[in-house]
Amino acid sequence: MSTPTLLLLPGDGIGSEVTPATRKVIDWFQSTGRATFNITEGLIGGASYDVHGIPLTDETVAQAKKADAVLLACIGGPKWDTVSYDKRPEAGLLRIRKELGLFANLRPAHVFDALAAASALKLELVKGLDIMIVRELIGGVYFGEPRGIETLPNGERRGFNTQSYTTSEIVRIGRVAFELARKRKGRVCSVEKANVMESGVLWREEMTKLHAAEYKDVELTHMYADNCAMQLVRAPGRFDVIVTDNLFGDLLSDLASMLTGSLGMLPSASLGAADSSGRQAALYEPIHGSAPDIAGKGIANPLAMILSFAMMLRYSFNMAANADLLEKAVHSVLASGIRTADIAEQGQPTVGTTAMGDAVVKELDRLAKS
Ligand code: NAD
């Protein structure tokens, strides 16, 4: 197989700090011969706007389409608050997701034992927690037509959006969830509001059909979205894979991520459809933003981006052993008490971005030799 290509997009704010820390980890895998990549870098978000006047150029889109995987840090910041919406950093992010056809957003909510005490929930509820939320990303109410704000004959204004899903949109996200469950604990919970929405009725029917036709070995349950929000707080350990639409996924994945304690720890993956050769567009990114309040201080936590790289190894490059090794290194670093400020308990000493990245590399070295 030819050397895979990786496009690195540092973006804005703390992106220029967490990316070099992650790059050292990537370089460790390269220098030890465990993985080799052709790496290119590009601009996105405010960084692209400052140079090109737009948050994502056609050239960067072409680079992303050519790459086997894209690793993005984060975009945005107050510097671009007065820029028109179509040229804001966020528009660049939406465009790259759309251009790559990234319909499946994978958000693990994984609680590291060493950080379990930082969760907003009781220790016994979150210890060992490992949920994967699969959110449909390019359909549903965020994209449905018609949409808009109109003025009614009586002078009142009316805002409206359309929730809509087709069979094929439901089936392709369902497949992603069932396939993931097969590699995990074998359970999928499909979430909608079939009690009050026709799109939810169709969602439930299609998930049930797909399950019966292709995935009988996986356990399928259905849950209304409001109940799911409650259960995530009441008994999160009952879930393995949750699959849901764009809107509910947006809310439930943020909720689940907070069970784990810190934004600076959480990776994500967004995947497209596989082409005839099995090649699948993929973008990996931390779920946090550009953290303007701490940007430039060298204190951002790089672990979310490092763990996003681990997801890339697992899902784009089928390198489960390398992904396991990297995740184990992160576990050990945390278990040894090394903390950036965002995950430190009161009074605990902290390290900066570079030192945290270096600690992971050192731990990789140690684990590789043991
Ligand atoms: P944010 O995620 O940037 O920050 C929220 C809080 O979490 C801040 O206090 C920040 O300091 C902290 N934080 C975030 N990441 C951290 C890390 N790695 N280490 C330590 N602390 C961390 O969200 P926000 O403040 O709402 O948004 C700031 C900007 O980021 C906005 O312009 C927003 O549009 C953008 N944003 C981008 C993305 C993305 O790139 N995918 C996601 C969310 C927000």
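Whatever order the structure lists them in is the order used to number ligands and atoms, beginning at 1.
Proximity annotation for atom 11 (O) of ligand 1: of L9, D293, I14, I287, D293 comes nearest, heavy atoms only. Closest heavy-atom approach to atom 1 (P) of ligand 1 among the candidates C74, A300, G264, G289: G289.
Taking 4.5 Å as the limit, some side-chain heavy atom of V361 sits within range of a side-chain heavy atom of V25. Side-chain contact between Y142 and Q163 is absent, with no heavy atoms from C-beta onward closer than 4.5 Å. In this structure, V360 and V333 have side chains that are in contact, with non-hydrogen atoms separated by less than 4.5 Å.
At the top of the distance list for atom 14 (C) of ligand 1, counting protein heavy atoms only, stands H288 CB, 3.6 Å. In terms of protein heavy-atom proximity, atom 12 (C) of ligand 1 is closest to A291 CB, 4.4 Å. What sits closest to atom 7 (O) of ligand 1 on the protein, heavy atoms only, is L263 CD1, 3.5 Å.
Interface atoms of ligand 1 facing G76, defined by a heavy-atom separation under 4.0 Å, are 32 (O). In the vicinity of L93, heavy-atom distances shorter than 4.0 Å reach the ligand 1 atoms 39 (C), 41 (N). Here is the list of ligand 1 atoms found below 4.0 Å of a heavy atom in E90: 32 (O), 33 (C), 34 (O). Of all atoms in ligand 1, listed by their number and element, those nearer than 4.0 Å to a heavy atom of E285 are 41 (N).
With sequence neighbours left out, the ring-ring contact (aromatic ring centres under 6.0 Å, His included) criterion links H331 to H110, F112. Not counting sequence neighbours, the partners of Y215 by the ring-ring contact (aromatic ring centres under 6.0 Å, His included) test are F178.
The side chain of P292, and not its backbone, has at least one atom closer than 4.0 Å to an atom of ligand 1 (non-hydrogen atoms only; side chain from C-beta on). Of the heavy atoms in V18, none comes closer than 4.0 Å to ligand 1. Contacts with ligand 1 closer than 4.0 Å are made by heavy atoms of both the backbone and the side chain of N301.
The nearest pair of heavy atoms linking I133 to L252 is CD1-O, 3.6 Å.
Distances shorter than 4.0 angstrom occur between a heavy atom of S290 and an atom of ligand 1.
Of the polar atoms of I299, none of the N or O atoms is found under 3.5 Å from an N or O of ligand 1, judged by distance alone. The distance criterion of under 3.5 Å between nitrogen or oxygen atoms is met by G77 with respect to ligand 1. Residue I75 places at least one N or O, backbone or side chain, under 3.5 Å from an N or O of ligand 1.
A donor and an acceptor atom, one from each side chain of S270 and N105, are located under 3.5 Å apart. Side-chain contact check for S257 and T260: no donor-acceptor pair (N or O, by modelled atom type) lies under 3.5 Å.
Remark: aromatic rings of F317 and F37 are close, center separation under 6.0 Å.
F248 pairs with exactly one of D250, N246, D245 by the side-chain contact (heavy atoms from CB on, under 4.5 Å) rule, that one being D245.
Contact annotation for atom 36 (N) of ligand 1: protein present (non-hydrogen atoms, distance under 4.0 Å). The protein does not reach atom 26 (O) of ligand 1 closely, with no heavy atom under 4.0 angstrom from it. By the definition of a contact as any protein heavy atom under 4.0 Å away, atom 21 (N) of ligand 1 is in contact.
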Can L220 and R187 be said to form a side chain to side chain contact (heavy atoms under 4.5 Å, CB included), step by step? CA-CA 6 Å; L220 171 67; R187 287 185 279 127; over 6 Å; no
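For R97 (side chain) and L102 (main-chain N/O), no donor-acceptor pair under 3.5 Å exists by modelled atom type.
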